[in-house]
Amino acid sequence: MARPVALRPPLLLHPFFISLGGTLLMAALFTDYMYYSNSLIQWSNFSAWLIAGGLVLALLSVIFLIIDIALARAGPISWLDFLLVGAAAILSLVNVFVHTRDAWTSVVPTGITLSTIVTILLLIAGLRGWRVTGNRIVEQPGDGE
């Protein structure tokens with residue numbers, strides 16, 4: 001008697017990059033808070049760099065999401081997760097422009113508020129699995145019999 005073959009669902013590429021970008025965007029809240037608490041301008045610079053890096057990784061995650069869909073690795077899009085991550089990316093784009101302002105107004109109050117909202121959205125997305133699609137269902141041999 002032959003043993004059943006256990007097939008794993010295909011590995012999705014985009015969740016890894018969403019989680020990396022999300023981590024950088026959430027770290028910007030910490031550096032915004034540090035700037036708020038001690039007014040050292042370098043903390044504001046760190047925030048701008050973290051947000052810019054998070055947005056680059058967000059762009060990479062979109063590219064890998066398209067690859068996942070094109071290679072039929074991804075299942076249907078989870079619209080709630082897609083909206084959470086998309087809203088966080090759009091707010092982060094606004095936030096990086098806010099952080100280009102001069103000195104105190106680059107962080108307080110708009111920058112730190114946007115970073116807080118982005119962090120909340122990304123924490124929810126992270127608890128839901130850092131993915132915007134489900135896995136494609138893999139049929140095992142003999143399922144049609």
Side-chain angles (χ1 to χ4, degrees), residues 1-37 42-102 104-145:
M1 179 189 274
R3 294 186 312 189
V5 177
L7 296 177
R8 294 183 307 178
L11 178 67
L12 297 175
L13 300 172
H14 73 274
F16 176 73
F17 291 96
I18 291 175
S19 63
L20 285 179
T23 302
L24 292 180
L25 294 173
M26 288 188 288
L29 176 61
F30 171 74
T31 55
D32 281 347
Y33 174 74
M34 291 302 294
Y35 179 68
Y36 173 75
S37 66
Q42 193 61 29
W43 288 113
S44 176
N45 294 337
F46 288 154
S47 292
W49 296 338
L50 287 169
I51 296 167
L55 286 171
V56 168
L57 288 170
L59 178 61
L60 285 174
S61 68
V62 168
I63 292 169
F64 284 113
L65 174 62
I66 292 169
I67 291 171
D68 284 340
I69 291 172
L71 296 177
R73 293 180 183 170
I77 290 180
S78 169
W79 290 107
L80 175 62
D81 296 327
F82 187 80
L83 289 174
L84 285 170
V85 173
I90 291 169
L91 288 174
S92 294
L93 184 62
V94 171
N95 201 6
V96 81
F97 289 127
V98 167
H99 276 78
T100 61
R101 293 183 192 164
D102 191 28
W104 187 255
T105 59
S106 69
V107 174
V108 180
T110 311
I112 199 165
T113 303
L114 286 171
S115 292
T116 303
I117 294 168
V118 166
T119 299
I120 291 168
L121 291 173
L122 289 174
L123 282 174
I124 295 168
L127 291 173
R128 295 182 53 84
W130 291 119
R131 66 173 79 203
V132 296
T133 65
N135 280 336
R136 187 174 58 87
I137 297 173
V138 178
E139 294 184 20
Q140 294 183 359
D143 281 349
E145 296 175 13

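Minimum interatomic distance between G111 and V98 (heavy atoms only, all atoms of both residues): N-CG1, 3.8 Å. Taking both residues in full, the closest heavy atoms of T31 and A28 are given as OG1-O, 3.0 Å, listed atom of the first, atom of the second, then distance. Closest approach of S115 to N95, counting heavy atoms only: OG-ND2, 2.9 Å. For V118 against A88, the heavy-atom pair with the smallest separation is CG2-O, 3.8 Å. Nearest approach of Q42 to W49, heavy atoms of both residues: NE2-CH2, 3.3 Å. Of all the heavy atoms in R131 and D81, the pair that sits closest is O-CB, 3.3 Å.
Put simply, the side chain of W130 reaches to within 4.5 Å of the side chain of L122, judged on heavy atoms. Within the 4.5 Å cutoff, side-chain heavy atoms of H99 are placed close to those of V107.
Ring geometry for Y36 versus Y33: interplanar angle of 30 to 60°, hence tilted.
Considering CG of L25 and CG of L55, their distance stands at 6.0 Å, rounded to 0.5 Å. Within the model, atoms CZ of F82 and OG1 of T133 stand 10.5 Å from one another, a figure rounded to the nearest 0.5 Å. A distance of 10.0 Å separates NE2 of H14 from OG of S19, quoted to the nearest 0.5 Å. With values rounded to the nearest 0.5 angstrom, R73 atom CZ is found 7.0 Å from L11 atom CG. The structure places CD1 of I66 at 10.0 Å from OG of S61, a figure rounded to the nearest 0.5 Å. Of the inter-residue distances, the one linking L84 atom CG with I120 atom CD1 reads 11.5 Å to the nearest 0.5 angstrom.
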Working note: L24 + I51, criterion side-chain contact (heavy atoms from CB on, under 4.5 Å); need CA distance, chi angles, decisive distance, verdict. CA-CA 7 Å; L24 292 180; I51 296 167; over 6 Å; no

Walk me through it: do F30 and W43 pass the test side-chain contact (heavy atoms from CB on, under 4.5 Å)? CA-CA 9 Å; F30 171 74; W43 288 113; 4.3 Å; yes

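For the side chain to side chain contact (heavy atoms under 4.5 Å, CB included) test with D32, the passing option among I112, L50, T116, L114 is I112; the others fail.
Here Y35 and W104 bring their ring centres to under 6.0 angstrom of each other.
One N or O on the side chain of D68 and one on the backbone of L13 form a donor-acceptor pair closer than 3.5 Å.
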